[in-house]
Asker: 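One structure coming up, written as structure tokens, with questions to follow.
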Protein chains: 2
Amino acid sequence: MRVSSKTDYALRTVIDLALHMDDGVSAAARIAERQDIPVKFLEQILMILKAGGIVESKRGAGGGYFLADPPSHISVASVMRLMEGRLFGPPVSAQRRRAGSVSSSKELPFEELWANVEAAVAENLEKISISEMSDRVRKHSHTSLDFSI
Amino acid sequence: MRVSSKTDYALRTVIDLALHMDDGVSAAARIAERQDIPVKFLEQILMILKAGGIVESKRGAGGGYFLADPPSHISVASVMRLMEGRLFGPPVSAQRRRAGSVSSSKELPFEELWANVEAAVAENLEKISISEMSDRVRKHSHTSLDFSI
DNA sequence: TCATATCCTACTAACACGATAGGCATAATG
DNA sequence: CATTATGCCTATCGTGTTAGTAGGATATGA
Ligand code: FES
Ligand code: FES
């Protein structure tokens, strides 16, 4: 079970915007090179983030993107939910499709199981804000100047 | 983020085996029809479950599969981990592949994040045993005889 | 008017997933 | 011994999702 690249990129993007709030707006191209994300792919991600109310934008020359809310008010969960839909969902097996989503009573224990896990994940990710994440990133880029070969 | 059908099938299979322990071994074909899983697909899943030490098998006529351990000693987590690899892992983005898994220090906060979530998921799933799951299933197939149209 | 942006849609390549197929190996049964 | 029932193993395939590209329309500041 892996997180999608899209979600990964989205998180990096939002954190990047938090780290560069003072510089005013950030053009997609700027973010892309800072975070090493394919520009055109990033544009799509930014559209989703905008539709989801996480970032706002300013068009035209000198334009770019910026966070719609203070970083401390944005949770990792909200970003992830926007990109992934459910944080931890049940499978949509062919079996289920054959049954036509008639969720028989035998399915209930499974639904309960997955719901519990999803709740655990949500609890975890709701607690972490983008400002916490950006703090961590900042700390790490200071401490290690990376003299490795 | 959805659980794969493979994991879903594997769980149902193991629970099915728990429910039919008295009948001796269960042939793959039996399990397949009881759980409505494509037989040949199930065979592959059973191979994995066997390699993972969760089920054992008896070959030849009258053969079949059975649990390697008592259901109370098998956790949902162990089955799921076997099928999915990591319970909740980081993405393997092209970015990361370009970097050649050099996990720079900037990645650490992310690794920490995913590791925490994975731990939460694990904690949740480690607690639930197959015997609990089979109990729940049993209870539900008794209580509701499903007179729905 | 030009350069620099966002915005939007369509397309495509690669991969993962769910599933299928065919055949070999082993064991029970008569 | 032949037959039948099973597990064991590998290859292949169709489809959907994912990750990434491409091109251009639209807006804005200088
Ligand atoms: S026992 Fe009925 S869903 Fe938990
Ligand atoms: S602050 Fe958590 S990884 Fe360094």
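Being a predicted model, the structure only gives us computed values, none of them experimental. Throughout, protein chains are lettered first and strands after them, A, B, ... in sequence-line order, and every chain is numbered starting at 1.
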Asker: Closer to the 5' end of DNA chain D via nearest nucleotide, is it R59(A) or L42(A)?
Answerer: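 The residue mapped nearer the 5' terminus is L42(A).
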
Asker: Tell me whether I128(B) is reachable from V79(B) by hopping between hydrophobic residues (I, L, V, M, F, W, Y) whose side-chain heavy atoms are closer than 4.5 Å.
Answerer: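 V79(B) and I128(B): one cluster.
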
Asker: Find the distance I31(B):CD1 to dA5(D):P and express it as a whole number of Å.
Answerer: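 Taking atom P of dA5(D) as the reference, CD1 of I31(B) is at 18 Å.
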
Asker: Calculate the interatomic distance between E84(A) atom CD and dA19(D) atom P; express it in whole Å.
Answerer: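 These atoms are roughly 9 Å apart.
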
Asker: Do K40(B) and dG18(C) share a donor-acceptor pair, side chain to base, under 3.5 Å?
Answerer: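 When only heavy-atom distances are counted, K40(B) does not reach the base of dG18(C) through any donor-acceptor pair under 3.5 Å.
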
Asker: To the nearest Å, how far apart are M1(A) CE and dC17(C) P?
Answerer: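 Atom CE in M1(A) sits about 11 Å away from atom P in dC17(C).
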
Asker: For dT18(D), take OP1 and OP2 only and decide whether either is under 4.0 Å from a side-chain N or O of S4(A).
Answerer: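 Checking S4(A) against dT18(D): no side-chain N or O falls below 4.0 Å of OP1 or OP2.
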
Asker: Between R86(A), M80(A), E118(A), which is the residue that forms a side-chain contact (heavy atoms from CB on, under 4.5 Å) with M1(B)?
Answerer: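 It is M80(A); the other options fail the test.
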
Asker: I need the residues from residues 44-57 of chain A with at least one non-hydrogen atom less than 4.0 Å from DNA chain C; give them sorted by number, or say none.
Answerer: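 Q44(A), M47(A), K50(A), S57(A), in order of number.
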
Asker: Check R136(B) with E112(A), please: is the shortest side-chain N to carboxylate O separation under 4.0 Å?
Answerer: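 A salt bridge is present here (some side-chain N lies under 4.0 Å from a carboxylate O).
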
Asker: With respect to the side chain of E43(A), which nucleotide from dG29(D), dA5(D), dC7(C) is positioned closest?
Answerer: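 The nucleotide sitting nearest to the side chain is dC7(C).
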
Asker: Assuming nearest nucleotide by heavy-atom distance, tell me which of G63(A) and A61(B) is located more 5' along DNA chain C.
Answerer: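 Looking at the nearest nucleotide for each, G63(A) comes out on the 5' side.
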
Asker: Just how far, in rounded Å, is P of dA16(C) from NZ of K6(B)?
Answerer: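 Taking NZ of K6(B) and P of dA16(C), I get 12 Å after rounding.
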
Asker: Short question: side chain of S134(B), backbone of I130(B) - any donor-acceptor pair under 3.5 Å?
Answerer: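 Judged by distance alone, yes, a pair lies under 3.5 Å.
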
Asker: Does dT18(D) have OP1 or OP2 sitting under 4.0 Å from an N or O in the side chain of Y9(A)?
Answerer: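 Result: no.
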
Asker: From CZ of F66(A) over to P of dT6(C), roughly how many Å is that when rounded to an integer?
Answerer: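 My rounded result for the distance is 12 Å.
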
Asker: Given dT6(C), dG18(C), dA5(D), identify the nucleotide with an atom nearest to the side chain of Y65(A).
Answerer: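 Among dT6(C), dG18(C), dA5(D), the one nearest the side chain of Y65(A) is dT6(C).
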
Asker: Are E33(A) and R30(A) ion-paired here, with the side-chain N under 4.0 Å from a carboxylate O?
Answerer: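 The answer is yes: the pair qualifies as a salt bridge.
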
Asker: When you group the ILVMFWY residues by side-chain heavy-atom contacts below 4.5 Å and let the links chain together, are F41(B) and I15(B) in the same group?
Answerer: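 Shared cluster, yes.
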
Asker: Under 3.5 Å, is there a donor-acceptor pair between the side chain of T7(A) and the main chain of V3(A)?
Answerer: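 Judged by distance alone, no pair lies under 3.5 Å.
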
Asker: Students often get this wrong, so: under 4.0 angstrom with heavy atoms, is A29(B) touching a base, only sugar-phosphate, or nothing?
Answerer: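 A29(B): no heavy atom of the nucleic acid under 4.0 Å.
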
Asker: Can you tell me how far C1' of dA16(C) sits from CZ of F41(B), to the nearest Å?
Answerer: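 My rounded result for the distance is 11 Å.
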
Asker: What is the distance, rounded to the nearest whole Å, between atom CD of E33(A) and atom P of dA5(C)?
Answerer: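 In whole Å, dA5(C) P lies 10 Å from E33(A) CD.
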
Asker: How long is the line joining CG of D23(A) and P of dA5(C), in whole Å?
Answerer: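 Roughly 14 Å, once rounded to whole Å.
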
Asker: Counting heavy atoms from C-beta on, name the nucleotide in dT4(C), dC7(C), dA5(C) closest to the side chain of A27(A).
Answerer: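 Of the options given, the side chain of A27(A) lies nearest dA5(C).
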
